[in-house]
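Here the structure is laid out as structure tokens; the discussion comes afterwards.
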Amino acid sequence: MPGPAEKATEQDRRDLIVVVARELAEAEGWAGVTTRRLAERAEVDVGDLYRHFADLEALLAAVAVCAFADLAADLAEAHAEAVEGPEGAWPAVATAYLDFAYTNPEVYDAMLALTPDLALGVDGVPAAPRAVFAELRAALTPLAEGRDPDVLAEMGWSLLHGVVMLTRGGRLRPDAQEERETMIAERLLRWPRPVGGKSLGTSDDMP
């Protein structure tokens with residue numbers, strides 16, 4: 001049986017292949033991620049690739065899981081550094097989500113378009129995708145005001161993902177980008193507050 005050093009070396013090699021695949025995808029798109037190119041970039045044998053990943057689909061899933069973990073860490077850091085109290089967490093987290101998505105478009109596709117089995121918030125998937133959903137939920141829970149936090153998190157995620165994909169596809173007006181993102185982060189998911197400061201839809205409004 002391999003000793004601890006050999007195991008560590010194998011894990012390091014697997015991690016390297018994932019990092020190289022991620023970098024190659026961002027540089028050339030997923031069509032450019034072939035076993036030959038990966039082996040050359042990672043300086044490993046093709047046999048090493050197949051020892052760690054049965055096929056490119058398995059490698060794609062590994063890249064996606066790693067990226068979900070990175071996104072969850074970014075969202076957690078944004079939440080922790082929010083300076084306006086609990087209700088200021090969502091704008092910070094939404095901004096961090098959008099920054100990640102726009103900075104890593106090919107990896108973002110791997111996470112949310114090319115790996116349908118990695119569903120956020122669903123039992124049975126790896127911890128990293130569920131951690132992203134948990135961070136979105138935690139940031140939105142202070143705004144729930146009687147609404148289901150899970151549904152609110154799903155709506156927040158849907159708004160963020162929708163604006164990312166439509167923006168990348170060139171379907172939205174570029175000059176309104178900042179206003180759209182501000183609206184998602186600061187207004188759309190809050191209860192409207194009429195004059196007097198009391199929220200609509202709470203138990204205090206019931207006859």
Side-chain angles (χ1 to χ4, degrees), residues 22-33 60-61 63-79 81-84 87-122 125 128-145 147-193 199-201:
R22 184 170 177 170
E23 293 173 348
L24 187 56
E26 289 297 351
E28 302 182 21
W30 284 106
V33 181
L60 184 71
V63 170
V65 169
C66 180
F68 272 122
D70 290 345
L71 176 56
D74 286 355
L75 301 185
E77 181 179 2
H79 192 163
E81 293 178 355
V83 296
E84 298 179 5
E87 290 199 358
W90 172 243
V93 166
T95 297
Y97 185 103
L98 293 170
D99 286 347
F100 182 96
Y102 292 134
T103 303
N104 307 279
E106 294 294 333
V107 170
Y108 188 81
D109 284 348
M111 297 161 64
L112 292 166
L114 304 178
T115 51
D117 292 339
L118 299 179
L120 273 69
V122 177
V125 301
R130 288 185 283 112
V132 170
F133 184 81
E135 293 297 338
L136 296 172
R137 185 185 189 281
L140 280 165
T141 294
L143 307 182
E145 299 196 37
R147 296 173 290 178
D148 185 333
D150 288 327
V151 174
L152 194 59
E154 289 169 344
M155 290 302 300
W157 173 35
S158 298
L159 287 168
L160 293 172
H161 181 66
V163 79
V164 166
M165 300 309 289
L166 289 170
T167 298
R168 284 177 50 193
R171 304 304 180 103
L172 303 177
R173 295 170 298 138
D175 59 337
Q177 182 71 10
E178 184 176 352
E179 184 177 354
R180 283 191 296 271
E181 294 180 1
T182 298
M183 193 175 293
I184 290 172
E186 297 182 3
R187 294 193 290 276
L188 283 181
L189 296 175
R190 298 176 184 270
W191 278 118
R193 295 184 180 274
S199 298
L200 300 178

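Quick caveat, the model's predicted, so the values are computed rather than measured.
Ion pairing of E87 with R190 is present here, as a side-chain N (NZ or NE/NH1/NH2) and a carboxylate O approach within less than 4.0 Å.
Put simply, the side chain of V132 does not reach to within 4.5 Å of the side chain of W157, judged on heavy atoms. In this structure the side chain of M111 reaches within 4.5 angstrom of the side chain of F100, judged on heavy atoms. Looking only at side-chain heavy atoms (C-beta outward), L140 and L189 come within less than 4.5 Å of each other.
Closest of all the heavy-atom pairs between E154 and F133 is CG-CE1, 3.7 Å. Here the closest heavy-atom approach between residue L159 and residue I184 is recorded as O-CD1, 3.9 Å. Here the closest non-hydrogen pair linking A131 and A72 is CB-CB, 3.9 Å. Closest of all the heavy-atom pairs between L24 and V33 is CD2-CA, 3.9 Å. Annotation for A61 and T115: closest pair CA-CG2, 4.0 Å, computed over non-hydrogen atoms. Residues A128 and A69 share a closest heavy-atom pair of CB-N, 3.6 Å.
Among residues two or more places apart in sequence or in another chain, the salt bridge (charged side-chain N to carboxylate O under 4.0 Å, His left out) test is passed with D150 by R137. Residues satisfying the side chain to side chain donor-acceptor pair (under 3.5 Å) criterion with D74, sequence neighbours excluded, are absent altogether. Scored by the side chain to side chain donor-acceptor pair (under 3.5 Å) test, E77 finds no partners at all (sequence neighbours excluded). A search for salt bridge (charged side-chain N to carboxylate O under 4.0 Å, His left out) contacts involving R130 returns nothing, not counting sequence neighbours.
For the salt bridge (Lys or Arg N to Asp or Glu O under 4.0 Å) condition, no pair includes a residue of residues 171-181, sequence neighbours left out. Sorted by first then second residue, the side chain to side chain donor-acceptor pair (under 3.5 Å) pairs that include residues 103-112, not counting sequence neighbours, are Y97-Y108, Y108-H161, D109-R168.
Atom OH of Y102 sits about 3.5 Å away from atom OG1 of T167, to the nearest 0.5 Å. In this structure, CG in L188 is found 6.0 Å from CE in M183, a value given to the nearest 0.5 Å. Note that CG of L172 and CG of L166 are 5.0 Å apart. Values are rounded to the nearest 0.5 Å. A distance of 10.0 Å separates OG1 of T182 from CD of Q177, quoted to the nearest 0.5 Å.
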For this session: Give the intermediate values and the outcome of side chain to side chain contact (heavy atoms under 4.5 Å, CB included) for residues V125 and D117.
Result: CA-CA 7 Å; V125 301; D117 292 339; over 6 Å; no

